[in-house]
A.B. asks: 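Got a structure for you, written out below as structure tokens; questions coming shortly.
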Amino acid sequence: MLHDAVASRRVSPQLPLRFECARRTLLEMADQIITRFAPSPTGYLHIGGARTALFNWLFARRHGGRMLLRIEDTDRERSTDAAIAAILDGLGWLGLDWDGDVVYQYSRADRHRAVVQELLERGRAYYCYASAQELEEMRESARREGRPSRYDGRWRDRDPAAAPAGVKPVVRLKAPTEGETVVEDQVQGRVVWQNKELDDLVLLRSDGSPTYMLAVVVDDHDMAVTHVIRGDDHLTNAARQRQIYDALGWAPPVMAHIPLIHGPDGAKLSKRHGALGVEAYRTLGYLPEALRNYLVRLGWSHGDQEIFSTEEMTAAFALEQIGRSPARFDFAKLESINGHYMRQADDARLVAAIKTILPQVGPDRGLGATLDPELEAKLLSAMPGLKERAKTVIELLDSASYLYARRPLGLDAKATTILDDDARRRLALVLSELETISEWSAANTEGAVRRVADAAALKLGQLAQPLRAALTGRATSPGLFDVMAVLGRDESLARVRDQLPA
RNA sequence: GCUCCCAUCGUCUAGCGGUCUAGGACGUCGCCCUCUCACGGCGAAAACAGGGGUUCGAGUCCCCUUGGGAGCGCCA
């Protein structure tokens, strides 16, 4: 059953009444801006959808308006509860909230049918009995002759009495055949179609269910949506929807079709490079505020500014500044921005971020799905040094491996190179000095190491690198003395002893 | 094939006829800082797709070409 997972959010199917109320309120509020995000629950919330949601959210907030959420689940075959849950979860993680209850498009089917009935009665729509095979032939011959492939309107003015027996008809819009259909788009500008290029689209399927094209128009109208901001893959739909608005005598909302996001290679985003669900970005170690900041700059700009707090982007966001050309998704820049937000993030917050993705990424690293309290405490105290050099939460976790590594430590290639015989002999010198320390602190270990360096006429680095290798098993780490402080006296000394000359 | 949209450094973009010898950011490459790596600082290489117009003047306006993209379903 669809919707069980989110049944509590479900809206009653008897909507007309409720929407009448909404519209009355709209009149009272005069200039209230209402946007909507309308994903179809056939998969996760992908990155393009996330940006569309973000733009709608920003625009509504910018103008003190509301952003509504509508699940376009009229495709009963492909809509799933899991997808709905993933979309809601993704929006939540990104911090994008919506106003009012979630509207499920399918629940509004009766209203959609009623609207079509009205169109039928007013002669703006008609029954069409053309078979799938006829339609296919039309398309083929049109393409063959270099004409636009479209329905030829053969039932447009035909007497319904001529209907073949036993065939359930669809209902088509009686679209204008002359003149032009114009969409004044806030991003794309004025876009014009010759009506002869557009055919009579299907409003109601032969099983009586409403099509997307019809449902969108009716719902946007009933929900009193003032601004439709969506991907420009809908630009041609906008023309057909405009025709429906016209037939209904309704004023269309303001349209803004934003360019799509492409993969790094310029092709359409695929699962291989970026069309991941937003929850995948969470497991990849990105922070939601970083993803938002990255996304908002894809297509939209505000002078030379790159970093925007939520307040800043809300205050500055404007449709006029949205570009018309598609952008490519660039992980390098996302990482850079993520690094920026990581450095700024609260230490405890980052530990929490690690904990949330641990079930997915912990096992691969020899960690469980949860953090034991001792390690959590170490992570927290090492965090200032750790977050300074990590670009993702994953890097954070990996760079902290010395905190959860077991003795004797395995050395990576560079650490092995560092710990040659000379280095190990120097380690012995340092060890004896470190052992004399009574109060184990970063300041005191640093003092000890520097004393040894002075006495032996060595550069600090000649002692620090072997120590680092011994303590962390790697050639890079946070500040050495911070590492020792977090590790504690016993563990630190033991790790050094492990690497002494045989 | 048809319709529509797009075109400034590798990438995201600023530029809304003269202030452009085209600015910023990411990435790349140097140098500095330095116990490593990051961070930070300084510097470098790097773009107006091509061709026609319009104009005193074009990255900015128009047209064409080329190259991308989207749509063309009883999917959304």
Side-chain angles (χ1 to χ4, degrees), chain A residues 38-42 72-75 77-79 105 128 130 132 135-136 139 142-150 168-172 183 185 187-189 191-194 197-199 201-207 209 211-213 215-216 231-239 257 259-260 262 264 266-268 294 297-307 320 323-337 339-340 343 385-391 395 399 414 418 446 449-450 453 459-465 467-469 472 474-481:
Chain A
S40 64
T42 53
E72 313 227 303
D73 56 352
T74 53
D75 184 344
E77 300 289 303
R78 300 195 299 156
S79 298
Q105 190 158 65
C128 167
L135 261 18
E136 188 49 42
R139 277 192 282 270
R143 198 166 287 233
R144 204 182 320 117
E145 292 161 30
R147 289 181 290 112
S149 61
R150 51 188 285 275
K168 285 189 177 168
V170 299
V171 176
R172 286 181 185 272
V183 170
D185 193 276
V187 171
Q188 305 290 340
V191 186
V192 181
W193 288 265
Q194 296 306 310
E197 307 286 352
L198 271 15
D199 63 357
L201 62 286
V202 174
L203 263 16
L204 239 41
R205 302 187 185 93
S206 50
D207 67 359
S209 64
T211 60
Y212 160 82
M213 213 63 80
V216 171
D232 73 9
D233 50 336
H234 285 285
L235 188 56
T236 35
N237 290 340
H257 288 90
L260 301 178
H262 290 166
K268 191 179 180 181
Y294 175 70
R297 286 284 293 102
L298 243 38
W300 176 79
S301 63
H302 184 63
D304 283 342
Q305 190 171 351
E306 298 284 350
I307 299 293
E320 293 72 36
R324 276 164 303 189
S325 54
R328 298 185 186 202
F329 195 89
D330 182 14
F331 273 100
K333 186 148 186 180
L334 207 211
E335 286 217 339
S336 163
I337 291 176
H340 170 88
R343 273 173 256 130
L386 253 20
K387 72 182 181 187
E388 188 71 26
R389 49 212 101 211
K391 290 211 161 50
E395 280 183 28
S399 67
K414 283 178 184 167
I418 290 170
E446 176 162 9
V449 175
R450 285 190 187 276
K459 286 198 210 167
L460 186 57
Q462 290 177 282
L463 294 176
Q465 280 305 84
L467 265 178
R468 187 186 315 282
T472 68
R474 300 185 177 186
T476 68
S477 80
L480 191 58
F481 309 110

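In what follows, chains are A, B, ... by sequence order, proteins preceding strands, each numbered from 1.
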A.B. asks: For nucleotides B:rC33 and B:rA22, find the distance between their P atoms and express it as a whole number of Å.
C.D. replies: 32 Å
A.B. asks: Applying a 4.0 Å non-hydrogen cut-off, can you work out what A:V170 is touching in the nucleic acid: base, sugar-phosphate, or nothing?
C.D. replies: base
A.B. asks: Under 4.0 angstrom, heavy atoms only, what part of the nucleic acid is A:T74 near: base, sugar-phosphate, or nothing?
C.D. replies: sugar-phosphate
A.B. asks: Rounded off to whole Å, could you give me the CD1-to-C1' distance for the A:I337 and B:rU11 pair?
C.D. replies: 12 Å
A.B. asks: Could you check which nucleotide pairs with B:rU3 in any of the strands shown, counting Watson-Crick or G-U wobble with both distances under 3.5 Å?
C.D. replies: B:rA70
A.B. asks: Specify the separation, in whole Å, of atom CZ of A:R150 and atom C1' of B:rG73.
C.D. replies: 15 Å
A.B. asks: How is A:V192 classified with respect to the nucleic acid when contacts are heavy atoms under 4.0 Å: base, sugar-phosphate, or nothing?
C.D. replies: sugar-phosphate
A.B. asks: Heavy atoms under 4.0 Å, any strand shown: does A:N237 hit a base, just sugar-phosphate, or nothing?
C.D. replies: base
A.B. asks: Could you tell me whether A:R139 contacts a base, only the sugar-phosphate backbone, or nothing, with contacts defined as non-hydrogen atoms closer than 4.0 Å?
C.D. replies: sugar-phosphate
A.B. asks: For A:L235 and B:rG69, give me the distance from atom CG to atom P, rounded to whole Å.
C.D. replies: 17 Å
A.B. asks: Any chance you could list the contact pattern along nucleotides 35-42 of chain B? Use B for base contacts, S for sugar-phosphate-only contacts and - for none, protein heavy atoms under 4.0 Å, 5' to 3'.
C.D. replies: BBBBSS--
A.B. asks: Between P on B:rC5 and CG on A:D232, what's the gap in Å once rounded to a whole number?
C.D. replies: 11 Å
A.B. asks: Please measure how far the P atom in B:rG15 lies from the corresponding atom in B:rG51, and state the result in whole Å.
C.D. replies: 26 Å
A.B. asks: Using a heavy-atom cut-off of 4.0 Å across all strands, would you classify A:S149 as base, sugar-phosphate, or nothing?
C.D. replies: base
A.B. asks: Set out, line by line, the N/O atom pairs under 3.5 Å between protein and nucleotides 13-16 of chain B.
C.D. replies:
unit_1 : atom_1 : unit_2 : atom_2 : d
B:rU13 : OP1    : A:G299 : N      : 2.4
B:rU13 : O3'    : A:S301 : OG     : 3.2
B:rA14 : OP1    : A:S301 : OG     : 2.7

A.B. asks: Between A:R147 and B:rG1, does any side-chain N or O lie under 4.0 Å from OP1 or OP2?
C.D. replies: no
A.B. asks: Does A:L260 reach a base, just sugar-phosphate, or nothing at all? Heavy atoms under 4.0 Å.
C.D. replies: sugar-phosphate
A.B. asks: Suppose you measure atom P in B:rC4 against the same atom in B:rA14; what distance do you get, rounded to whole Å?
C.D. replies: 26 Å
A.B. asks: Under the 3.5 Å rule, do the base of B:rC74 and the side chain of A:S206 count as making a donor-acceptor pair?
C.D. replies: yes
A.B. asks: Is there side-chain contact between A:V449 and A:L467, with at least one heavy-atom pair below 4.5 Å?
C.D. replies: yes
A.B. asks: May I ask you to decide if the ring planes of A:W300 and A:H302 are parallel, tilted or perpendicular, using 30° and 60° as cut-offs?
C.D. replies: parallel
A.B. asks: Grab the CZ-C1' distance between A:F329 and B:rC26 for me, whole Å please.
C.D. replies: 13 Å
A.B. asks: Going by an N to O cut-off under 4.0 Å, is there a salt bridge joining A:R343 and A:E388?
C.D. replies: no
A.B. asks: Does A:D73 contact B:rA76 through a side-chain donor or acceptor facing the base, at a distance under 3.5 Å?
C.D. replies: no
A.B. asks: Taking atom C1' of B:rG71 as reference, at what distance in whole Å does atom NE2 of A:H257 sit?
C.D. replies: 11 Å
A.B. asks: NA contact type, A:A238, heavy-atom cut-off 4.0 Å: base, sugar-phosphate, or nothing?
C.D. replies: nothing
